Amino acid sequence: MNTYTERELTGNPLLYRSVYIDTRVSGATHWDIEPPAAIGFPGLHANDEIAVQSALWDIFDPDNETWDSAFSFSGGKTGEDAVWDVYRSLQTLPSNNQITVEDFWFQWFDLGYGNAVTMDSIFNFHLDMRFYEDAFEDNDRRLDSTPLTDDGTTLNATFFPEDDEDWYSLAVIHDMQYTVSTSELVNGADTVVTVYNRTGDTVYGTNDNRHASTRESRVTFTPPYDQTVYIKVVQTPSRTYAELGGYKISAVEDGSGEPGDPAPGDGDGGGGGGGCFVATAAFGTMGAQNVRTLCSVRDNSLASSATGADITAYYYYVSPDIAEEMTSPIRALVRTFID
């Protein structure tokens, strides 16, 4: 496989020819990598062979397109020198490493070749490799989450830098069914979506691949009370090569229920049908038998009198903060006490 330049074919150092020739037993094929285009290849994204060729080519060919502005290097170096320096430096990586264009990107800047604006114009904006933070950073924690709506509106996100966590929030109504999905994964993304309750101590659902032929994720859940749920999106730990990547995320309400029954601490307190908040935090789920028993006592005994309703209302006023601060030893102590 060879990429020939006009300089090599004619000896003219000022002319380039961006023709890629692939020789194989079944016959040779070729395509132009400037602009990137070939049958069967979109010519975009970090896991596309043609796009990677085009990106590297544009570093050292003349700045002859709107996206391909001039590079500037110190010490008399050229773009071609810089590309090969980065290649040689990648040989120091562990032998079991799968070298990707992500490695090239980070190594380029680690070696001080800079030209960030020009690199962005080629890799990120022309070839859509998305080696940049999305518009919602910093949403790496539950308390810094980005709001989602339940009407299917999609948000465009990236995993950047490596090991990025993206958190989202969604206001939900009890007994309605919701679906959170990722879609249009690019640049090697492989998402895992996990939906948590209001305090992040109960998982309503998690999914890696929604079916065998895709890396997209989908979680469908029915919350037990009105609340804000939190959604974490990360790269799957079993990914084969990509550390970065891009995806879209959306949420839809796709079931029916009745408004009401606020999550403990989210409403004006005292309502039946919600969870016993401290007990739920201690046991990790509203489905635990002890939690259901306490809720039954509340609904059938306390709620039947004005005094009991006042006690319940006060409990729901103070309990969210208590549950939020409960450590593992305290949760174990509460479980022992309830038992």
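Everything numeric in this text was worked out from a predicted model, so none of it was measured.
- Between Val180 and Ala251 the shortest heavy-atom distance is CG2-CB, 4.1 Å.
- Between the side chain of Asn197 and the main chain of Thr202, a donor-acceptor pair closer than 3.5 Å is present.
- Distance alone, capped at 3.5 Å, places no donor-acceptor pair between the Asn115 side chain and the Thr118 backbone.
- Between Leu111 and Val86 there is a side-chain heavy-atom pair separated by less than 4.5 Å.
- Looking at Thr222 and Gln177, their side chains come closer than 4.5 Å, going by heavy atoms from C-beta outward.
- A donor-acceptor pair under 3.5 Å is absent between the side-chain atoms of Gln53 and the main chain of Ile33, judged by distance alone.
- Atom CG of residue Leu90 and atom CD1 of residue Ile99 lie 5.5 Å apart, to the nearest 0.5 angstrom.
- Applying the salt bridge (charged side-chain N to carboxylate O under 4.0 Å, His left out) test to every pair with at least one member in residues 110-131, sequence neighbours left out, gives these pairs: Asp128-Arg130.
- No chain of hydrophobic side-chain contacts below 4.5 Å, direct or via other Ile, Leu, Val, Met, Phe, Trp or Tyr residues, connects Tyr204 to Val252.
- In the hydrophobic clustering of this structure, Phe221 groups with Tyr225; members are Ile, Leu, Val, Met, Phe, Trp, Tyr whose side-chain heavy atoms approach within less than 4.5 Å, directly or through other members.
- A side-chain donor-acceptor contact under 3.5 Å links Gln235 to the backbone of Leu244.
- When atom types are taken as modelled, the side chain of Asn187 and the backbone of Ala46 share a donor-acceptor pair closer than 3.5 angstrom.
- Remark: side-chain polar atoms of Ser217 are paired, donor with acceptor, to backbone N or O of Thr191 under 3.5 angstrom.
- For the residue pair Asn207 and Arg210, the shortest heavy atom distance occurs at OD1-N, 3.3 Å.
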Report task. Could you give me the CA-CA distance, side-chain angles and deciding distance for Ser183 and Ser181, then say whether side-chain hydrogen bond (donor to acceptor under 3.5 Å, both in side chains) is met? Result -> CA-CA 7 Å; Ser183 60; Ser181 305; over 6 Å; no

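- Contact check for Gln227 versus Val172: side-chain heavy atoms found under the 4.5 Å cut-off.
- Residue pairs meeting the salt bridge (charged side-chain N to carboxylate O under 4.0 Å, His left out) criterion with at least one partner in residues 157-169, sequence neighbours excluded, are Asp163-Arg239.
- Using a 4.5 Å cut-off on side-chain heavy atoms (C-beta onward), Asp190 and Asn209 make contact.
- Within a 6.0 Å sphere centred on CZ of Phe125, heavy atoms belonging to other residues, nucleotides or ligands number more than 12.
- Leu56 and Phe106 end up in the same hydrophobic cluster when Ile, Leu, Val, Met, Phe, Trp and Tyr side chains are linked at under 4.5 Å.
- Using modelled atom types, one side-chain atom of Asp134 and one backbone atom of Thr158 make a donor-acceptor pair closer than 3.5 Å.
- For the residue pair Ala189 and Gly245, the shortest heavy atom distance occurs at CB-CA, 4.0 Å.
- The environment of CZ in Arg215 is sparse: at most 12 heavy-atom neighbours from other residues, nucleotides or ligands sit within 6.0 Å.
- Contact annotation: the side chain of Trp167 never approaches that of Leu143 to less than 4.5 Å [non-hydrogen atoms, C-beta and beyond].
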Query - Stepwise side-chain contact (heavy atoms from CB on, under 4.5 Å) test for Leu148 and Tyr178 - result: CA-CA 12 Å; Leu148 287 177; Tyr178 295 84; over 6 Å; no

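- Contact detail for Glu216 and Leu185: the closest heavy-atom pair is N-CD1, 3.6 Å.
- Nearest approach of Gly188 to Ala242, heavy atoms of both residues: O-CB, 3.4 Å.
- Looking only at distances, a side-chain donor or acceptor of His211 sits under 3.5 Å from a matching main-chain atom of Ser213.
- A continuous path of hydrophobic side-chain contacts links Val219 to Met176 [ILVMFWY only; heavy atoms under 4.5 Å].
- Using the six-membered ring where Trp is involved, Tyr113 and Phe73 have ring planes that are perpendicular, over 60° apart on the 30 and 60° scheme.
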Report task. Could you walk me through whether Glu184 and Thr154 pass side-chain contact (heavy atoms from CB on, under 4.5 Å), step by step? Result -> CA-CA 10 Å; Glu184 299 185 36; Thr154 59; over 6 Å; no

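- To the nearest 0.5 angstrom, Glu133 atom CD is 7.5 Å from Asp138 atom CG.
- Put simply, the side chain of Val52 does not reach to within 4.5 Å of the side chain of Phe104, judged on heavy atoms.
- Ring geometry, Tyr168 versus Tyr247: the interplanar angle exceeds 60°, so the pair is classed perpendicular (tilted spans 30 to 60°).
- Looking at Thr194, its side chain never comes within 3.5 Å of a backbone N or O of Thr206 through a donor-acceptor pair.
- Rounding to the nearest 0.5 angstrom, the gap separating the CD1 atom in Ile59 from the CD atom in Glu80 is 11.0 Å.
- Put simply, CH2 on Trp105 and OG1 on Thr100 are 12.5 Å apart, with the number rounded to the nearest 0.5 Å.
- For Phe60 and Trp84, the distance between ring centers is not under 6.0 angstrom.
- When all heavy atoms of Gly114 and Phe109 are compared, the pair lying nearest together is O-CE2, 3.5 Å.
- Put simply, Tyr132 and Leu155 are part of two different groups of oily side chains (I, L, V, M, F, W, Y) that touch within less than 4.5 Å, one to the next.
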Report task. Decide side-chain contact (heavy atoms from CB on, under 4.5 Å) for Val83 and Trp57; before the verdict, give the C-alpha distance in whole Å, the side-chain angles of both, and the deciding distance to 0.1 Å. Result -> CA-CA 9 Å; Val83 168; Trp57 173 263; over 6 Å; no

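- In this structure, Glu102 contributes its side chain and Glu243 its backbone to a donor-acceptor pair below 3.5 Å.
- Put simply, the side chain of Ile122 reaches to within 4.5 Å of the side chain of Phe71, judged on heavy atoms.
- With rounding to the nearest 0.5 angstrom, the CD atom of Glu137 is 10.0 Å from the CG atom of Asp144.
- Under the 4.5 Å side-chain criterion, counting only non-hydrogen atoms from C-beta, Trp108 is in contact with Met119.
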